Enquirer: 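So that we are looking at the same thing, I have put the structure below in structure tokens.
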Number of protein chains: 2
Amino acid sequence: MSKDTRLARVAHVLVHMSFNEGTATSETIAAMLDTNPVVVRRIMGALREGGYVSSERGPKGGWRLERPLHKITFLNIYKAFEPGSPFTIATSDDHPKCVVERSANRALSLALSEAAARFEQALSKITLDQLLPGS
Amino acid sequence: MSKDTRLARVAHVLVHMSFNEGTATSETIAAMLDTNPVVVRRIMGALREGGYVSSERGPKGGWRLERPLHKITFLNIYKAFEPGSPFTIATSDDHPKCVVERSANRALSLALSEAAARFEQALSKITLDQLLPGS
DNA sequence: AATATTGTACTAGTAACAGTTACGAGTAGT
DNA sequence: ACTACTCGTAACTGTTACTAGTACAATATT
């Protein structure tokens with residue numbers, strides 16, 4: 001599978017947006033990220049649902065940051081994407097007949113849950129203002 | 001990405017193999033896992049490198065467990081597969097020019113490392129004999 | 001009306017594991 | 001030697017989720 005790089009990329013963009021009072025168009029942002037405006041709209045669209053940015057159509061439109069950097073955490077962004085499991089690892093089957101296989105799946109699920117909890121805990125401690133140079 | 005289910009599946013198989021003194025053929029194992037013999041050979045081949053199982057060709061050949069269940073952990077199996085990062089999440093780029101992006105990547109990498117460490121720690125505590133019914 | 005901008009449907013590219021077919025390599029029994 | 005059995009492996013397809021790109025509709029400003 002290819003990797004999900006949305007979190008790091010959007011964090012980057014939001015920090016840059018905080019420097020400019022007005023709006024940034026998808027095209028501008030796409031140039032920053034070296035990607036396509038449509039990709040930007042998809043990523044930013046998810047953040048809009050969470051109220052972190054807003055968008056306006058038409059001339060002078062674009063994307064606007066709706067919260068200060070210190071009030072946005074990596075966890076906020078991560079959750080906004082409504083990701084599935086962040087792991088490439090999974091149990092073998094949801095409802096195996098064999099008791100041994102069920103045990104194996106249960107044990108693995110527990111390990112995955114613990115790791116996911118630790119991941120989210122770590123993300124929650126990173127606010128976007130921490131990414132500013134010299135902080 | 002499709003999910004990697006090798007860990008849970010092979011754990012399951014090794015437990016079953018411990019019940020039978022002799023060897024199990026790829027075909028037998030494949031039937032247990034409801035998959036193809038070639039898939040089994042690929043998975044078991046990785047374990048052979050780690051010394052957990054051995055294989056013999058020819059009639060009466062097949063796969064043999066080389067260690068007792070309590071001496072094989074989920075971490076042993078996981079490592080045998082030499083997986084890449086267990087996460088679907090990744091940083092945006094290895095060597096971004098922008099300082100902010102580098103900060104974002106560094107922060108995310110740290111969170112991923114912590115989660116991965118926790119995952120491996122959890123895996124190391126699971127030995128295969130714990131999967132036996134009534135243990 | 002003309003222009004700028006987001007919104008979104010559709011298609012193609014990519015990477016890793018799973019699945020399948022085909023065949024080569026080695027071993028045991030006769 | 002022959003045959004049958006079994007692993008070893010290459011080559012190809014299927015699956016899935018993110019990335020990328022094209023095309024066009026919807027909307028807002030001037």
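A quick note: this is a predicted structure, and the numbers were derived from the prediction, not measured. Here is the naming used below: chain letters follow the sequence lines, and residue numbers restart at 1 for every chain.
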Enquirer: How close or far is atom C1' of C:dT21 from atom CG of B:Asn36, stated in whole angstroms?
Expert: 9 Å

Enquirer: What's the CZ-C1' distance between B:Arg48 and D:dT9, to the nearest Å?
Expert: 11 Å

Enquirer: Expressed in angstrom and rounded to an integer, what is the separation of B:Asp4 atom CG from D:dA17 atom P?
Expert: 15 Å

Enquirer: Does D:dC7 have OP1 or OP2 under 4.0 Å away from a side-chain N or O of B:Ser26?
Expert: yes

Enquirer: Is the number of heavy atoms from other residues, nucleotides or ligands within 6.0 Å of CD (A:Glu49) greater than 12?
Expert: yes

Enquirer: Expressed as a whole number of angstroms, how long is the span from A:Glu27:CD to C:dT5:P?
Expert: 8 Å

Enquirer: Take the protein atom NZ of B:Lys60 and the nucleotide atom P of D:dT3, then report the distance between them rounded to whole Å.
Expert: 21 Å

Enquirer: Is any side-chain N or O of A:Arg41 closer than 4.0 Å to OP1 or OP2 of C:dT6?
Expert: yes

Enquirer: Do B:Glu56 and B:Thr23 have side-chain atoms, one donor and one acceptor, less than 3.5 Å apart?
Expert: no

Enquirer: Check this one for me: any side-chain N or O of A:Thr35 less than 4.0 Å away from OP1 or OP2 of D:dA20?
Expert: yes

Enquirer: Is there a side-chain contact between B:Ser55 and the phosphate of D:dT6, meaning an N or O under 4.0 Å from OP1 or OP2?
Expert: no

Enquirer: Quickly, which of A:Leu14, A:Leu33, A:Asp4 forms a side chain to side chain contact (heavy atoms under 4.5 Å, CB included) with A:Arg9? Name it, please.
Expert: A:Leu33

Enquirer: Mind calculating the distance between CZ (A:Arg57) and C1' (C:dT3) to the nearest angstrom?
Expert: 15 Å

Enquirer: Given C:dG19, is OP1 or OP2 found less than 4.0 Å from the side-chain N or O atoms of B:Arg42?
Expert: no

Enquirer: Would you say D:dT19 has OP1 or OP2 under 4.0 Å from some side-chain N or O of A:Thr5?
Expert: yes

Enquirer: Just the rounded figure in Å: distance from P of D:dC18 to NZ of A:Lys3.
Expert: 12 Å

Enquirer: Reading DNA chain D from 5' onward, which residue's closest nucleotide shows up sooner: A:Pro59 or A:Val39?
Expert: A:Val39

Enquirer: So does B:Arg9 get a side-chain nitrogen or oxygen closer than 4.0 Å to the phosphate oxygens (OP1/OP2) of C:dG19?
Expert: yes

Enquirer: How many whole angstroms separate atom CG of B:Leu33 from atom P of C:dG19?
Expert: 9 Å

